[in-house]
Structure formats: C-alpha cells, structure tokens
Amino acid sequence: MNLPLEHTALAVVGAGPAGLCAAVEAARSGVPVVVLDENERAGGQLFKQVHRFFGSRRHGAGKRGYEIADDLIAECLRAGVDIRLGSSVIAFFPEGELMVDGPGGVYLVRPQAVVIATGASEKTIAFPGWTLPGIMGAGAAQTLVNVHGVLPGKRVLIAGAGNVGLIVSYQLLQAGADVVGIVEASHGVSGYEVHLDRVRREGVPIYPGHRIISARGRDGLEAVVVKDLRGGRTVLFEADSLCMAVGMSPMAELAAMRGCRMVFREELGGFLPWHDEKMRAGLQGVYVAGDAAGVEEASVAMEEGRMSGISAAEEMGSMKKRQAAARRAAVSRRLADLRRGPYGEARMAAKCSLYCA
Ligand SMILES: Cc1cc2nc3c(=O)[nH]c(=O)nc-3n(C[C@H](O)[C@H](O)[C@H](O)COP(=O)(O)OP(=O)(O)OC[C@H]3O[C@@H](n4cnc5c(N)ncnc54)[C@H](O)[C@@H]3O)c2cc1C
C-alpha cells in the first residue's frame, strides 16, 4: 500500500493545552510545526470546561476553560502553526513515521521530532450491571452537556468526589439535572473546597465511605445499589444515569507503539512513558507532555508542553543552548510552584523518581 508521504520538522499529536503550548514554543523559534488532533475543535479538555479556572493569572485563572483554549489557539495561529483537526494519528512506527487518518484520507508524516500530547482516558469500575445504558464516564457526561446540550439523564448519581466529580455535578445541576448524590469509596473528599462548596450549597448529599455494588434496570439504568463501608448497610439510589469520576490514566499508546519505555506511577494515573525533565521520552526526537506524561492539571500540561517545545527547538538547532537553558529553568520554576501542596508534592515526587537520580 503506497500512502502519500509528507515531511515536516515537528509534529505535535494533540491540540490540548500541552500540545498547543509545545507548538507555540517551537514555532516562535522558527520550527515549522504541524498539530494533529482527532477532534473537530482544538483545545482538548479545555473546550468542554465552562467553569472559571483558578490558580495563577499566567495559566488563565479567572477565565473559563474554553477561553483559555481560544487564547492558546490564537497564539498558535499567530506563530504560524498548522493545526489540523479531524486528524487521528492511528500509528507511530518504530521508524519514526506517523500514520494519520485525516479528512482527505490516510497519509504518512515523517517528522524530525514528535511531541505526544494525547491527554488521558477515564478509568472506570466494573460491577454487575455496569454496561447498562445510562452509565458513563463523567467526562462523557460533560461532553454531552457542555458541547452537545444534551443531559445524560434526569436523575444522576455521581461516583467519585474528586475535582472532576464535583465539577461535573455542578455543571449537570446548572443544566437542569437532579444530582441525587455523590458517592465516594474513600473516607474523604479529595476535590478542592471551592468545588465542594458549590455542590453543597445546591444541597447535593455526599456519601464518603460508600461503594457501588451493582446497577439495576431493564433497558437502561433504573437504580444503583451502594454499600456503606462503615455500617455495612446497602442504600438504593433511583437514578437513570451514573457518571463515573474515578480517575484518569495517561493515554500514551502511541509512545508504547514507537518503542518508548513505559513505567508505572500510581500518583500520575498509572502507566506512562518514561521521560526526563526536558520531556524527552528516551528515543531520539520523541517528547511527551501533559496528561499523557502523567495526569495532573491544565496548568501543568501547559508548562510541560512549553518544556517539550523548547527542548525540540533546541535539538533541531532552532534555539541556542543558552537561551533554551534559561527558558527551561523558568518553566522548571513554574512547575515546582504548581506542584506544591499535598497532591502536588506526591506528583512532584513521582516525577522526580523518573529522573532526579
Ligand atoms: C471535568 C474536568 C474538569 C477539569 N478542571 C480543571 C481545572 O479547573 N483546572 C485545571 O488546571 N485542570 C482541569 N482539568 C484537567 C485538564 O483539563 C487536563 O489536565 C488538561 O486538559 C490536560 O491537557 P493535555 O493537553 O495533556 O490533554 P487534553 O486536554 O486531554 O488534550 C489531548 C488532545 O489529544 C487529542 N488526541 C488524543 N489522541 C489522539 C490521537 N491518537 N490522534 C489525534 N489526536 C489525539 C485529543 O482529541 C485531545 O484534544 C479538568 C479535567 C476534567 C475532565
């Protein structure tokens, strides 16, 4: 099979915050950059986020997720980045070629360097009845509501009281769903206070120490059976939708396909491609960034994206070593700031275990 072959300097897979920041950094130093994303819109997770982000102004605090995405897309376009949407990268061969399924058909790209910024996928839990219609990932529910304007159900139970569970609960409430509760297997709430307060104010009950046992229904979900882990009693929730917000895993199959070494770090979501502090994945011209390199947050994804773009530009000879070193040092400082606090420190330690020795 003879497929059309294209040459480029840097190919970035994924137009989320990590990929867009990688592209901007490299393109500004003169590297021709192509960004490939399977979605019809650029921005990754950000274009679904209608809530205001907090943190530092540099990372878009006070703006809604899709506004942060719009700013990054504008930066990319100003820097001359070629963003190709509806373009799924279906293979990354050990010889270094990418196979792309784009709007015009399948073709190959042979880049000098690749940044893999493909984000994360939602984890799930299995129990009797877990495949009933109406049971889905919280991210899928968020896409239905915020992108397509469709409620996943009228009475929704959420599994998981981390940030994603709390944010999606609030967005479902705003869209008119009745959130009947948030169940959480651990004995505390791991999401930020600010998100917890919002759902509490709306009167949503939270059930720490409760685990899902089974789901019931004929043609779709009708009820969820939950066990109180302290007392042992079971509770029945009538619900036509169950949204699972039980964590995410790095989506780095392309790195594995290329031959990168995969390592397991629980604090970062599971298996991820080994990488160093410059975001190099151990093979010439292969970089990783963002959730694909360990699940954290959009602000971290942006900084890791910048780091990978700087490293790629330097190794392709478009950025002087001294300039690259100075810019990387600034990014490292910002990453260290972002990884403060109990969760941040655990992630910092997990990252450090990859390369600090
Ligand atoms: C409900 C929810 C709320 C959140 N709220 C916040 C918040 O308030 N603050 C915060 O900092 N973070 C938040 N986050 C986390 C944040 O959205 C992510 O950490 C961030 O988007 C990760 O960026 P990324 O670029 O690594 O990946 P993503 O944003 O996931 O982008 C990855 C991109 O890669 C593309 N892609 C994947 N595979 C392929 C392929 N094979 N071919 C082509 N394209 C591909 C995808 O289409 C996607 O566009 C939230 C996440 C969720 C789910």
Side-chain angles (χ1 to χ4, degrees), residues 11-23 34-56 59-66 68-69 72-73 83-92 98-102 109 114-123 137-143 145-146 158 160 162-172 191-192 194-195 243-245 247-255 257 268-269 272 279 288-306 308 338 344 347:
V12 177
V13 189
L20 294 175
C21 287
V34 174
V35 176
L36 302 153
D37 197 296
E38 61 196 9
N39 269 327
E40 296 305 323
R41 279 175 71 177
Q45 293 295 321
L46 291 181
F47 81 75
K48 305 177 209 167
Q49 312 297 353
V50 294
H51 61 283
R52 290 185 201 281
F53 278 44
F54 58 97
S56 75
H59 301 109
K63 289 186 182 171
R64 298 181 191 278
Y66 60 83
I68 302 173
L72 294 176
I73 295 164
I83 303 178
R84 298 185 194 169
L85 301 174
S87 300
S88 200
V89 177
I90 52 178
F92 189 7
L98 297 168
M99 186 184 267
V100 185
D101 187 0
V109 178
V114 175
V115 175
I116 299 172
T118 41
S121 59
E122 292 189 272
K123 291 182 183 170
Q142 191 185 49
T143 307
V145 172
N146 294 350
I158 305 283
N163 281 326
V164 172
L166 298 174
I167 290 169
V168 172
S169 297
Y170 188 67
Q171 291 175 354
L172 289 169
Y192 295 144
V194 56
H195 300 312
C243 299
M244 314 279 257
M248 307 223 236
S249 324
M251 204 158 67
E253 290 84 353
L254 290 175
M257 205 184 277
L268 297 168
L272 52 106
M279 305 313 292
V288 287
D291 281 357
V295 178
E296 297 189 68
E297 293 183 338
S299 41
V300 170
M302 289 180 215
E303 294 298 349
E304 286 195 345
R306 293 198 187 281
S308 64
L338 290 168
R347 292 167 182 163

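Starting from 1, each residue takes its place in the sequence as its number. One-based numbering, in listed order, for ligands and for the atoms of each.
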Fill in the blank from the handout: So CD of Gln45 and CD1 of Ile68: to nearest 0.5 Å the spacing works out to 13.0 Å
Practice task
Enter the distance from Asn163:CG to His195:NE2 here, rounded to the nearest 0.5 Å.
Solution key: 4.5 Å
Handout entry: Sub-4.5 Å side-chain heavy-atom contact between Leu338 and Glu303
Key = yes
Problem - Lys63 atom NZ: more than 12 heavy-atom contacts under 6.0 Å - result: no
Problem - Best match, Asp37, Ile167, Thr143, Val300: closest heavy atom to atom 48 (C) of ligand 1 - result: Asp37
Exercise for the section: Tell me, please: is Asn39 in heavy-atom contact with ligand 1, that is, under 4.0 Å? Expected result: yes
Practice task
Consider ligand 1: state whether an atom of it lies below 4.0 angstrom from any non-hydrogen atom of Met302.
Solution key: no
Exercise for the section: Find the distance between CD (Gln49) and CD (Gln171) and round it off to the nearest 0.5 Å. Expected result: 6.5 Å
Completion exercise
If we number the atoms of ligand 1 from 1 as shown, the ones under 4.0 Å from a heavy atom of Gly44 are 29 (O), 31 (O), 48 (C), 49 (O)
Completion exercise
Any heavy atom of Thr118 under 4.0 Å from ligand 1? The part involved is both
Problem - Under-4.0 Å heavy-atom contact with ligand 1, by part of Lys48 that carries it - result: neither
Handout entry: Closest protein heavy atom to atom 42 (N) of ligand 1, given as residue, atom name and distance to 0.1 Å
Key = Val89 N, 2.9 Å
Practice task
Kindly confirm or rule out an N or O of Ala120 lying under 3.5 angstrom from an N or O of ligand 1.
Solution key: no
Practice task
Please confirm whether Ser87 comes under 4.0 Å of ligand 1, counting heavy atoms of the residue only.
Solution key: yes
Exercise for the section: Using atom types as modelled and distance alone, determine if a side-chain donor or acceptor of Asp37 lies under 3.5 Å from a backbone N or O of Gly44. Expected result: no
Exercise for the section: For ligand 1, find out whether one of its N or O atoms is nearer than 3.5 Å to an N or O atom of His195. Expected result: no
Handout entry: atom 14 (N) of ligand 1 touched by protein (heavy atom, under 4.0 Å)
Key = no
Problem - Separation between CG of Leu268 and OG of Ser249, rounded to the nearest 0.5 Å - result: 11.5 Å
